[in-house]
Amino acid sequence: MDRLSPSSSATGPSPRRSWWGWGTEDKALPDGECTALGALVPGAAQTPLPVPAVGDLELLPSRVAPPPALGHLVSDAPRERAGHTYGKAYRDVVRALYGDLRAAPDLVARPRTEREVTDVLDWASGADVAVVPYGAGSSVVGGVEYRAGAHRGVVSMDLTGLDRVLEVDRVSRAARIQAGVLGPALEDVLRPYGLTLRHFPQSFEFSTLGGWLATRAGGHYATLHTHIDDLVESLRVVTPAGVNESLRVPGSGAGPSPDRLFLGSEGTLGVITEAWMRLQDRPRHKASATVYFDDFDRALHAVRAISQSGLHPANCRLLDPGEAALARVAEGGRSALVLGAESAVLPVDGRLAELVGLARDHGGVPAPAGREGGDAAGAWRSAFLRMPYLRDALARMSVISETFETACTWDRLHLLVDTVRRELGATVRRTTGAEAMVNCRLTHVYPDGAAPYFTVVVAARRGSEVAVWDDIKSAATQVLGDLGATVTHHHAVGRDHRPGYDRQRPEPFALALRAAKQTLDPAGILNPGVLLDPAPRPGAAREGHVPI
């Protein structure tokens, strides 16, 4: 087992992050490209919304000051506060572009040790200050935005200072990792050992291990270890009631799992500071192929056969005709199935051939071996990683680009896809008078079901973007609940999915969760409003922080 020295930090210099949108400033689309992109959507605005300069933002004065002992950890600088106000949902980006930062935290804390995390929580618990744990801010469900309105102040606790890989156990293929490490930096540390966590969400570059754990994130891989839950050996969590550290073992039948309490808790029960994570050998053998379908329903049957075959493809992304055209993977109304196989031990060409054969049995037409198949998979990957920047560009042109995902069993999947398309289309027509593009792709597949991911694109009247987005989100939540599908497969609950989550969870479990919250966070300071309503507090909402 290797113990990394204090200098073995997993961070390094990086381009400046955008305070209002996705990723880094250097990759955001310039005005001319925004205009050209908007021209492809009927009814889009003629000019892009300007990006406000931080110096022009109207931020409310900070209402609280930390004690002198914590002064070195916190900042009330405008850029810090602005950049920690929202996550990266469409709704967040639009409000930032309009300069609506009423929800800005009073302070941003950047602890670098677990002791400093504890010190901030101790002060906040006694000072009636809400604490919103913040990984890298890539939440798309309102998970890092304070909306409760009744606390004396709000601190955004940025955990990216806890960014080290502390130990690597090569024999057991595991590592002890601090929660604030970003995805690329983590893989950089593991690479010399020939190991990988093998968890690559779309937000990989701008999300942290702690964020993945707190939101039960799903990774890129379509089968087997799809969720971060599968990779956890043990967790260490700081709560206002004390530190919770689970036993590090490969498996246990000793009562309810303590890790399961905190996985998906979204910063409401404690602050995850480190975890022992299961690793895998880096793959040495890879192969990919693309299969085209003229009939999307037959493609769904093909994917079900693949998911139940036991072949476990690393990639099994089915794109409907609209999604395939946007990603430049297929044209002419065809759907595309992007398949991939990989292994650290054995060649995978034979396995890929079996996967393609199953798709062919259901009417699929494989792309010619070599260039076309590889180009299609590469085009999909490039579009996948570039999409958040394009979404921001569309937002500047007052074009709604909303995405949401769910999961259901195979017997209900066809009905769900058809109903979502119909109901979302009707909602958009009623709200905007325009026809929406409603696309679907499958991101993850299981023997008993799949996770469809929908994209809705439509132009909105300038100034109405948030209202239209809210209508689409509300309609989607209602449809998913009516059909017995989950309100989210891998994007967490946050505040935006609360109505669907409240409907989905059993009431006895809600009672147990409320009891856990009261026990672990008796002052009610941790991310109030996420998963649970804040406990009743005396007095009305304080000026400057009102529910939004």
Side-chain angles (χ1 to χ4, degrees), residues 1-6 8-11 73 109-122 124-125 131-136 157-169 172-183 185-186 189-190 195 197 199 207-217 227-252 254-279 492 516-517 519-522 525-527 530-531:
M1 181 183 298
D2 293 341
R3 295 182 181 275
L4 278 68
S5 68
S8 297
S9 173
T11 59
L73 299 180
R110 290 183 177 272
R112 298 190 65 83
T113 66
E114 188 177 279
R115 177 71 255 176
E116 291 175 343
V117 172
T118 301
D119 290 344
V120 172
L121 294 184
D122 287 347
S125 294
V131 176
V132 179
Y134 185 102
M157 182 185 285
D158 188 313
L159 294 159
T160 51
L162 279 73
D163 62 353
R164 294 175 54 223
V165 178
L166 301 172
E167 300 179 57
V168 175
D169 179 354
S172 306
R173 290 200 317 193
R176 182 164 70 98
I177 307 164
Q178 290 186 311
V181 65
L182 291 163
L186 171 59
V189 172
L190 297 178
L195 297 171
L197 184 61
H199 184 78
S207 54
T208 64
L209 173 65
W212 303 337
L213 296 167
T215 60
R216 296 183 66 193
H227 276 78
I228 197 69
D229 313 32
D230 305 321
L231 307 177
V232 176
E233 272 191 346
S234 71
L235 294 180
R236 185 172 172 88
V237 186
V238 175
T239 81
V243 176
N244 184 91
E245 183 172 15
S246 58
L247 184 66
R248 183 199 166 204
V249 289
S252 174
S257 166
D259 293 335
R260 290 285 173 179
L261 178 64
F262 294 102
L263 288 167
S265 62
E266 301 189 39
T268 62
L269 304 180
V271 178
I272 299 171
T273 56
E274 63 181 64
W276 273 99
M277 302 298 297
R278 299 183 177 97
L279 306 176
K517 173 72 171 177
T519 300
L520 297 173
D521 179 24
I525 63 162
L526 281 171
N527 216 5
V530 170
L531 300 183

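No experiment lies behind these values; they were computed from the predicted model shown.
- Residues in residues 227-248 take part in these ring pair (Phe, Tyr, Trp, His ring centres under 6.0 Å) pairs, two or more places apart or across chains: H227-H489.
- Of the possible donor and acceptor atoms, none in the side chain of N527 sits under 3.5 Å from a partner among the backbone N and O of G267.
- The nearest pair of heavy atoms linking S252 to A254 is OG-N, 3.1 Å.
- In this view, Y134 and H84 satisfy the ring-ring contact (aromatic ring centres under 6.0 Å, His included) rule, not counting sequence neighbours.
- Scanning both residues, P133 and V131, for their nearest heavy atoms gives CD-O, 3.3 Å.
- A distance of 10.0 Å separates CG of L159 from CZ of R110, quoted to the nearest 0.5 Å.
- Contacts of R236 classified as salt bridge (Lys or Arg N to Asp or Glu O under 4.0 Å), with partners at least two apart in sequence or in another chain: E114, E245.
- Among all heavy-atom pairs drawn from I272 and G210, the shortest one is CD1-O, 4.3 Å.
- Remark: the backbone N or O of R278 is not paired with any side-chain donor or acceptor of E233 at under 3.5 angstrom.
- The heavy-atom pair separating A175 from L190 by the smallest distance is CB-CD2, 4.3 Å.
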Please lay out, stage by stage, how T160 and T208 fare under the test side chain to side chain contact (heavy atoms under 4.5 Å, CB included). CA-CA 8 Å; T160 51; T208 64; 4.1 Å; yes
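- In terms of the salt bridge (Lys or Arg N to Asp or Glu O under 4.0 Å) criterion, D259 has no residue partners (sequence neighbours excluded).
- Between T273 and L162, some side-chain heavy-atom pair lies under the 4.5 Å cut-off.
- When the salt bridge (Lys or Arg N to Asp or Glu O under 4.0 Å) test is applied to R173, the partners found at least two apart in sequence or on another chain are D281.
- With values rounded to the nearest 0.5 angstrom, L247 atom CG is found 12.5 Å from W276 atom CH2.
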Side chain to side chain contact (heavy atoms under 4.5 Å, CB included) between L269 and T239, intermediate numbers included: CA-CA 7 Å; L269 304 180; T239 81; 5.8 Å; no
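- Annotation: side chain to side chain donor-acceptor pair (under 3.5 Å) contacts of N244 (sequence neighbours excluded): none.
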List the steps and the verdict of side chain to side chain contact (heavy atoms under 4.5 Å, CB included) for V232 and F262. CA-CA 11 Å; V232 176; F262 294 102; over 6 Å; no
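- Between the CG atom of L213 and the CD1 atom of I177 there is a distance of 9.0 Å, given to the nearest 0.5 Å.
- In terms of heavy atoms, L520 sits closest to P240 at O-CD, 3.2 Å.
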Start with the C-alpha distance between H199 and L209, add both sets of side-chain angles, then the distance that settles side chain to side chain contact (heavy atoms under 4.5 Å, CB included), and finish with yes or no. CA-CA 10 Å; H199 184 78; L209 173 65; over 6 Å; no
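- Listed by chain and number, the residues in a side chain to side chain donor-acceptor pair (under 3.5 Å) with S125 amount to none (sequence neighbours excluded).
- Counting heavy atoms from C-beta on, the side chains of L121 and D521 never come closer than 4.5 Å.
- With sequence neighbours excluded, the residues forming a side chain to side chain donor-acceptor pair (under 3.5 Å) with S172 are D169, listed by chain and number.
- Atoms OG and CZ, on S246 and R260 in that order, are 11.5 Å from each other to the nearest 0.5 Å.
- Take L73 and apply the side-chain contact (heavy atoms from CB on, under 4.5 Å) test, not counting sequence neighbours, and it matches L70, E116, V120.
- Remark: S234 engages no residue in a side chain to side chain donor-acceptor pair (under 3.5 Å) (not counting sequence neighbours).
- Every salt bridge (Lys or Arg N to Asp or Glu O under 4.0 Å) that D122 has, sequence neighbours left out, goes to R115.
- From Q178, atom CD reaches atom CG of L186 across 11.5 Å, with rounding to the nearest 0.5 Å.
- The heavy-atom pair separating W212 from I228 by the smallest distance is O-CG2, 3.3 Å.
- Within the structure, every pair that satisfies the salt bridge (Lys or Arg N to Asp or Glu O under 4.0 Å) test and touches residues 262-275, not counting sequence neighbours, is listed here: R176-E274.
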